[in-house]
Amino acid sequence: MTEPRSVIVIGAGHNGLACATYLARAGRKVLVLEAAAQPGGAAITREFAPGFRVSAVAHLLHLLDPVVERELGLAQHGLAYARDALATVSLAGERAPLVLSGGSILSGEVSAADRSALRAHAARMQKFARLIARQHGRVPPRLRFDSWRDALPALALALDIRRLGRKDMREFLRLATMNIYDVLEEQFEHPGLKGALALDAVLGARLGPRSGNSVYTSLYRQSGAVNGRCGALALPRGGMGAVTDALAAAARAAGVGIRCGASVESILVRDGRACGVRLERGEELGAELVVSNADPQRSLLRLLGARHLEAEFARRVHNLRAAGNAAKLHLALGGRPQFRGLSAAQLGERLLIAPDVDYVERAFNPAKYGEFSTQPVLEITLPSLHDRGLAPAGREVLSAVVQYAPYDLKGGWAVGKERFLAAVMATLEEHAPGIGALVQHAELLTPMDIEQQFGITGGHWHHGELALDQFMVLRPVPGAAQYATPVAGLYLCGAGCHPGGGVMGTAGRNAARVIAGGG
Amino acid sequence: MLARDHFHRAVCETPFHPRTAALNQLNLWHRWRDHTVADAYFDVGMEYNAIRNSCAVFDLSPMTKHLVTGPDALAFMNRLVTRDVAKLKPLRVGYAVWCDEGGQVIDDGTIFHLRDGVYRLCSQERQLDWLHSSALGFEVRIVEETNDIAGLAVQGPTSCAVLRSFGLAGIETLTPFGLRSYPFAGGTLEVSRTGYTGDLGYELWIAPEHALRLWDELFLAGANHGIRAIGTLALEMSRIEAGFIQAGVDFLPADRAVRVDRTRSPFELDLGRLVDFSKPNFTGRRALLEEHRRGSRYRLVRLDVAGNKPARDAYVYDQRRTNIGVVTSSMWSPAAKASIALASVMMPWGAPGEELTAEIYYQKELKWNRFMARCRVVEGPFFDPPRRRATPPADR
């Protein structure tokens, strides 16, 4: 007999914790099961070398849902920022680096035309990103709706686009499906500026700047806000784990039970209805509802099993594009590194190795054929400069997102990882001569490692490519885009659902609304 | 498997072709799943009479056959089709339909439970793609074996006697939809009490290399029982009389339809008895449950049509001359002594006993005539002799 109103949430990532908290507040009895030893999923801070701690996967917070942050009282539960608005520094070798923040150039040799184009571009993109952001909190409409209520989100989106005004609406519709390369070529001259903006569009995606859909990913990246500043990039004090620590504290305060070291082996189904889970050690736990924060493929094909789904639906889930391309590099440094042309103050900002848009595209080329970039693009932070708790005194932590590292690397990562690390270090060495000598320990997480360590199929941050064909009503697949799966009593609440990945919490909140409303 | 040079020819011959070709006095052939089969050998009426009055032999080798094995074979079959395959015991055959997720019929066919957990699926259409697509997450092996097995339908009131003379001892105890093996020519002859005629009848399954010997010995055994080779035209007559539907004729396979409203659900094909909602999951279940709750769009009806003109492709009207559907199969039935038809009509029309009208056009010496024929919706098949189910069948 399962307890009435009981819910099991699989996975204590940020969405799972957010969903659990909202459900507990709505009167459900919620138990969150987490495979790892601590809650947080992939949004954790962990020690990777003695005394050195780092955000394990995502390292910059820029999409956290302000509604979730406020409603769950994350600040009261300990979330604070070491920095809430990092500038972006595009490394340019010998030349002085380009430093920008939002729509303005803080330093660098940039023409007046480019400066004014950037202001206009940033303002426009911000406006469109806010439009995207407004969709985040809405449960996607059904493609085949039975009532006007189901159609409302679709109408709201249409209205939002219409309300941009005639000129911007036309521009939005023009840009939405373009590639970022063409957009940048239209507007800018400065190679470093174009490289930096292009990198933002392709981070975490299997896209190059010339790939279709890269304007959408660019808008998505800017759709968040930190402390009210749109598109801002923040470092949580204590690393990304601080976010999930606060979420876990909020969850516990709401009465949620969190059980770590409880890896779910399968979702139990009785008479076509999810009724609980079986843990890897054989223990079975019953619940009225099961909510999975795992990625859609893991949730539906591995934990549930295709046999509980209809053939075409299972096939659609199977065909999701969810192969990761971003690797994560962590360096324990014996001292502060020197980047060419960079002042001491600039070292703490977000550093990009993406000197021009063709460099980014060339880095992407090998990934198309299952090979890693020999000259990768990097997004680098040195969080210990702002947050002394992350490294021993006098030492520093370098955290970098490195692309491209295709999940399905030709020849396999067992062989390729060392060679890729060498290529990454060689690229770093070019921009920061002597950095190699400072390295006391290096950790490189390929998408394969991310899959194995965090249980994310394909090691994709977003639990599936963020693309217009896997967007909103199509995310993760039609038939599960409203968080309910075809199996009664089973829901999804993770990044594989609308609105998508990034440390947001919105998918968890939306799922809880659907479940509490009618689950 | 097919010979490796099969692609040199657009159309293959069946393993019985040397015999069927020798008998085909009309030299009348058509193409069934890329195989040559006879439309008729000498006279369609006489061939039909063999089905209903003596013993008819039909070459059904081109029937698509798939073998499903593996630890998940039963689970796979049960997710595939709408009926409960767990209830199908070994050595039994079951009629089944399978649907897409919209609850629309992809095809119908028969499931042979050959031995515990080993199934053969026989169907009109090729299904390998759908079966493989459906196999995701199941430990099954699916092999198309259409060309590995030759098949003969032996149908009609003397069919049991023919098979006894042929040497199949105890065949009279085989119940409808039963399956049995006999040794033959050093191999195995599988016999099922199945057919597409609505009459007493059997289907014989044999390795292709023994096909001709089977044919020869069978015809020798049937010489005194009125045995006769028949083509598809005569078979078509008997299947309409039996009220059986045919893919591509009475319904459009869902995977071939372009227009969403042109497909049919099992309920709309009068096959609701094959849908078992007590199974927690099968492809199409959600949509069919919804249809069951809301009601269907169409209904398959059997029509007794006035006059003697086949209502070929006729529009069907209600009493107020509203167009409500169309005839999909029609014929003059010698057994029922009536013009009969299968039709698909919109709901709520087509309740048993309802009077409808069929708009029949026929040509006489270059002049087209139009005949608004009264018709009545009848329940059950037009021809359903007790011998179809009798075990043992009467000795003739």
Side-chain angles (χ1 to χ4, degrees), chain A residues 142-147 150 265-276 290 292 294-322 457 473-474 476-491 518, chain B residues 68 70-82 84-86 97-107 121 127-140 142 254-255 257 260-261 263 265 275-291 293-294:
Chain A
R142 282 169 217 281
L143 283 178
R144 196 175 154 183
F145 30 81
D146 303 324
S147 76
D150 288 334
E265 180 198 75
S266 61
I267 295 166
L268 300 174
V269 178
R270 193 185 306 131
D271 298 329
R273 210 189 144 80
C275 62
V290 177
S292 180
D295 66 85
Q297 290 174 331
R298 188 180 177 88
S299 301
L300 296 169
L301 301 181
R302 276 188 57 192
L303 300 182
L304 177 72
R307 66 188 55 206
H308 297 295
L309 302 165
E310 298 190 16
E312 289 134 305
F313 182 87
R315 179 63 50 184
R316 282 200 295 274
V317 175
H318 177 77
N319 289 349
L320 273 175
R321 287 179 292 117
T457 311
V473 296
L474 304 174
V477 293
Q482 291 78 31
Y483 307 96
T485 71
V487 173
L490 177 63
Y491 293 81
Chain B
V68 180
D72 287 338
L74 172 61
F76 168 81
M77 293 301 291
N78 244 344
R79 209 273 297 259
L80 176 76
V81 302
T82 59
D84 189 356
V85 184
V97 289
W98 46 103
C99 299
D100 65 9
E101 65 180 345
Q104 304 301 295
V105 176
I106 291 174
D107 202 358
L121 183 65
Q127 297 295 333
L128 197 59
D129 180 53
W130 179 249
L131 296 179
H132 274 291
S133 180
S134 297
L136 179 75
F138 291 90
E139 212 180 307
V140 287
I142 298 159
D255 55 346
V260 287
D261 60 339
T263 56
S265 77
V275 180
D276 190 343
F277 287 126
S278 70
K279 285 200 300 181
N281 185 44
F282 57 84
T283 301
R285 185 179 190 275
R286 283 156 62 88
L288 290 174
L289 204 57
E290 182 68 11
E291 180 184 333
R293 193 170 65 79
R294 289 196 179 190

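It should be emphasised that the depicted structure is a prediction, and the values quoted were computed from it without experimental measurement. Just so we're on the same page: letters track the sequence lines, and every chain starts at 1.
The shortest heavy-atom contact between B:N281 and A:H308 is ND2-C, 3.1 Å. Residues B:L136 and A:A306 share a closest heavy-atom pair of O-CB, 3.2 Å. For the pair B:R285 and A:E310, the tightest heavy-atom approach, listed with the atom from each and the gap, is N-OE2, 3.3 Å.
Interface check for chain A: of the options B:P280, B:A135, B:S278, the most heavy-atom pairs under 4.5 Å are formed by B:P280.
Rounding to the nearest 0.5 angstrom, the gap separating the CZ atom in A:R307 from the OG atom in B:S134 is 13.5 Å.
Within 6.0 Å of CG on B:D261 lie more than 12 heavy atoms contributed by other residues, nucleotides or ligands.
Of the atoms belonging to B:D100, heavy atoms from both backbone and side chain fall under 4.5 Å from chain A. With a 4.5 Å cut-off on non-hydrogen atoms, B:R286 touches chain A through its backbone and its side chain both.
A salt bridge does not link B:E101 to A:R315: none of the charged side-chain nitrogens sits closer than 4.0 Å to a carboxylate oxygen.
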